[in-house]
S.K.: 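So that we are looking at the same thing, I have put the structure below in structure tokens.
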Amino acid sequence: MKTLPPVDVVIIGGGWSGLLMAKELGSRTGLSIAVVERGKQRETADYLATMDELDYAIRLHMMQDLSLETVTVRHNPAQRAFPMREYGSFLPGSGVGGAGEHWNGISPRFQPDCFELLSRTTEKYGTKRLPEDHAIQDWGVTYDDLEPYYTRAELLMGISGKAGNIRGKKIEGGNIFEGWRSTEYPTPPTKIPYFSALFRDAAKTLGYHPYPNPAATTSEPYTNPDGISRPPCFYCGFCERFGCMIGAKAQPTNTLLPLIQARKNISIRTASWVRRIVHERARTGRRARGVSYVDAKGEEVFQPAELVFLASWTLNNTRLLLLSGIGEPYNPETGKGSVGRNLTHQVYFLPATAFFEKPLNRFMGSGAAGICVSDLDGDSFDHSGLPFLRGGTLLALSLGYRPIANFGVVPQTVKARWGSEWKKAALDYYDRTGGISFSGEHLAYKGNYMDLDPTYRDHLGDPLLRLTLDWRENERRMAEFVVPKAVEIARAMGAKEVTPFPGLRSYDTTRYQSAHIQGGTIMGSSPDRSVVNPYLQHWQTSSLFVLGASAFPQNAAANPTPTILALTYRTADAIVDRYLKNPAALA
Ligand SMILES: Cc1cc2nc3c(=O)[nH]c(=O)nc-3n(C[C@H](O)[C@H](O)[C@H](O)COP(=O)(O)OP(=O)(O)OC[C@H]3O[C@@H](n4cnc5c(N)ncnc54)[C@H](O)[C@@H]3O)c2cc1C
């Protein structure tokens with residue numbers, strides 16, 4: 001193996017978390033930094049010719065190549081896991097910018113009690129209400145700790161929205177159930193397309209508190225505190241699964257990359273696949289010494305570094321720790337070990353698909369344009385008499401209705417499943433259909449976890465990551481509760497027919513249900529039950545930091561990226577202000 005000249009910092013993965021850390025450390029310290037990214041180089045100009053639904057949204061042009069690396073999945077330890085050979089329930093990204101290039105841009109904060117879920121839930125409902133095999137934990141960080149960093153993340157991306165709680169003052173028209181925020185959103189809400197406006201008005205008449213979805217597609221020209229300017233969105237509807245051709249959607253390549261490229265002390269190495277974090281025994285615990293990777297020429301190289309950041313997203317973060325033999329793998333039978341525990345997804349489905357008389361002009365939209373209702377989120381409502389804990393947000397999104405994915409949805413009253421009757425109905429309903437979606441909280445359970453698969457390997461010969469994952473009664477009851485509420489709103493919107501969601505059964509790898517997977521390298525205030533401390537620093541290997549949603553002990557209902565960025569900013573501050581002066585444990 002060839003050894004390269006040492007650098008100060010190596011960062012594995014060039015997505016939102018890796019590039020934000022590179023930008024922060026690179027511009028504030030002058031350290032030499034190498035970002036090692038397995039995918040290819042990307043920039044905004046690449047997206048000028050990407051409005052191709054088949055290539056990008058159906059054949060998933062921008063996602064990880066499953067023939068090189070995938071995961072295996074099973075519902076419980078008694079089953080044999082099989083490799084996921086086609087994408088379905090989630091979509092990992094690859095290449096500079098990571099999944100942040102083709103994300104929707106839905107950008108809410110987590111509710112404050114999510115960070116203290118175990119203590120707050122126990123305090124209010126007692127331990128008996130917790131599901132039998134739950135593994136929920138407090139994060140070791142509170143919403144108040146994170147608030148200034150959420151604000152920085154929103155300023156970085158120029159989030160469009162309407163505040164519902166500024167320093168405790170509730171503001172009608174915003175999300176009155178959100179945690180306090182120190183300031184209004186950087187830009188006003190996006191335009192609200194017709195379908196979403198119908199939802200807003202109906203929800204209001206039923207007593208809910210609708211508000212505009214916080215969006216990373218800016219509503220007006222915006223210049224962020226780093227001096228990066230982006231134009232406003234023009235609602236073409238090619239956001240989710242596409243890179244934004246004008247740069248209106250905040251993406252790592254339009255928000256961070258220009259700053260990184262302007263710095264001589266940061267380099268990005270593409271087509272470079274990290275296989276191991278190299279580490280050794282040190283006087284105080286272990287020390288990460290760098291990474292080994294296969295470079296663009298197919299050569300195995302060792303990159304020595306003083307500081308290592310693992311920023312390769314939830315699944316790869318967990319897998320690389322397991323492959324590298326860092327920390328104790330989680331054992332669900334004994335409860336010992338931490339690496340791989342608390343795997344969570346998001347409870348995401350369409351509780352009501354509504355069919356209208358009038359056309360909805362659904363071709364216009366953007367990845368996060370729409371209206372939300374959070375009256376049923378978290379603990380915003382009393383769960384005393386209910387058969388589940390927590391909840392989620394109802395959303396009427398107007399993403400831009402692209403024809404291949406959306407053609408052919410007809411009401412249940414249309415009996416034909418093919419032929420001219422079906423074709424006529426499919427055409428009639430094409431622009432008169434709207435789905436109300438639900439984004440719900442997924443609790444952590446002892447039986448949902450990740451480990452290395454004993455059978456299947458990737459293209460380099462390393463074991464694949466194995467997911468053991470299934471829904472529990474808490475999620476199923478939550479879904480049953482929310483479906484009639486969404487159907488009621490759809491009817492109040494004037495829908496002539498409504499198809500309700502049939503219910504959650506077992507975890508289904510074929511149905512897309514958001515790309516939000518969490519856990520595996522979770523954070524906490526004690527090394528017994530977590531992998532990293534509240535500064536995302538590895539408990540035993542203090543020169544290793546693990547960024548991203550793998551640190552979340554469980555998922556909130558909300559989408560994860562603002563929380564990922566807030567935690568990354570907080571870690572960057574702790575490193576610049578404290579660790580570089582005294583390279584030791586930060587907690
Ligand atoms: C279709 C879609 C829509 C989404 N919409 C939203 C949304 O609306 N709101 C929201 O909050 N979030 C959304 N997300 C999720 C969001 O994109 C992620 O939370 C965010 O991008 C995570 O950033 P990250 O840096 O942790 O990981 P990533 O963006 O996944 O970046 C990790 C990088 O690491 C690289 N890598 C992995 N393994 C290796 C290795 N072994 N060696 C070298 N490099 C490696 C990958 O190639 C990748 O570029 C969406 C995701 C998808 C796919």
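For ligands, and for the atoms within them, numbers begin at 1 and follow the listed sequence.
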S.K.: Would you say Ile106 and ligand 1 have an N/O pair spaced under 3.5 Å apart?
M.R.: yes
S.K.: Which option, Ser17, Ala215, Pro560, owns the non-hydrogen atom nearest atom 26 (O) of ligand 1?
M.R.: Ser17
S.K.: Regarding Lys23 and Asp226, does a basic nitrogen lie under 4.0 Å from an acidic carboxylate oxygen?
M.R.: yes
S.K.: Less than 4.0 Å between a side-chain N and a carboxylate O, is that true for Glu24 and Arg152?
M.R.: yes
S.K.: Are a donor atom and an acceptor atom from the side chains of His516 and Tyr348 found within less than 3.5 Å of each other?
M.R.: no
S.K.: Given that the side chain starts at C-beta and the backbone is N, CA, C, O, which of these parts of Ala311 lies under 4.0 Å from ligand 1, counting heavy atoms, or is it both or neither?
M.R.: backbone
S.K.: For the residue pair Arg181 and Tyr150, would you count it as a cation-pi contact if the rule is NZ or CZ under 6.0 angstrom from the ring centre and within 45 degrees of the ring axis?
M.R.: no
S.K.: Is it the case that ligand 1 has an N or O less than 3.5 angstrom from some N or O of Met63?
M.R.: no
S.K.: Show which atoms of ligand 1 fall inside a sub-4.0 Å distance from at least one heavy-atom site of Gly100.
M.R.: 17 (O), 21 (O), 29 (O)
S.K.: May I ask you to check whether Gly105 has an N/O atom sitting below 3.5 Å from an N/O atom of ligand 1?
M.R.: yes
S.K.: Please state whether Gly367 comes within less than 4.0 angstrom of ligand 1, counting heavy atoms only.
M.R.: no
S.K.: For the rings on Trp273 and Tyr293, is their centre-to-centre separation under 6.0 Å?
M.R.: no
S.K.: Short list, please: which atoms of ligand 1 are under 4.0 Å from a heavy atom of Gly98?
M.R.: 29 (O), 31 (O), 48 (C), 49 (O)
S.K.: Say whether Ala549 and ligand 1 are in contact under the criterion: heavy-atom distance to a ligand atom below 4.0 Å.
M.R.: no
S.K.: So is Tyr512 close enough to ligand 1, meaning a heavy atom under 4.0 angstrom away?
M.R.: yes
S.K.: Is any NZ, NE, NH1 or NH2 atom of the basic residue among Asp462 and Arg457 found under 4.0 Å from an Asp or Glu carboxylate oxygen of the other?
M.R.: no
S.K.: If you count the atoms of ligand 1 from 1 in the order shown, which ones are under 4.0 Å from a heavy atom of Ser272?
M.R.: 42 (N), 43 (C)
S.K.: Run the salt-bridge test on Arg28 and Asp573 with the 4.0 Å N-O cut-off and return the result as yes or no.
M.R.: yes
S.K.: Does an N or O from Gly548, backbone or side chain, lie closer than 3.5 Å to an N or O of ligand 1?
M.R.: no
S.K.: Between Asp453 and Arg319, is the closest basic N to carboxylate O distance under 4.0 Å?
M.R.: no
S.K.: What residue and heavy atom of the protein are closest to atom 20 (C) of ligand 1, and at what distance?
M.R.: Thr561 OG1, 3.9 Å
S.K.: What protein heavy atom sits nearest atom 40 (C) of ligand 1, and how far off is it?
M.R.: Val274 N, 3.8 Å
S.K.: Does the N or O separation between Trp103 and ligand 1 drop below 3.5 Å for any pair?
M.R.: no
S.K.: Looking at ligand 1, does any of its N/O atoms fall within less than 3.5 Å of an N/O of Trp16?
M.R.: yes
S.K.: Would you find more than 12 non-hydrogen atoms of other residues, nucleotides or ligands less than 6.0 Å from Gln41 atom CD?
M.R.: yes
S.K.: Please determine if His516 has a nitrogen or oxygen closer than 3.5 Å to a nitrogen or oxygen of ligand 1.
M.R.: yes
S.K.: Passes salt bridge (Lys or Arg N to Asp or Glu O under 4.0 Å), Lys40 versus Asp46? Steps please.
M.R.: CA-CA 12 Å; Lys40 59 181 182 185; Asp46 299 340; over 6 Å; no
S.K.: Rounded to the nearest 0.5 Å, what separates atom CD in Glu154 from atom CD in Glu184?
M.R.: 9.5 Å
S.K.: Does the ring center of Tyr401 lie less than 6.0 Å from the ring center of Phe363?
M.R.: no
S.K.: Return the closest protein heavy atom for atom 39 (C) of ligand 1 as residue, atom name and distance.
M.R.: Arg38 CD, 3.8 Å
S.K.: Below 4.0 angstrom from a heavy atom of Val36, which ligand 1 atoms are there? Numbered from 1 as shown, please.
M.R.: 43 (C), 44 (N)
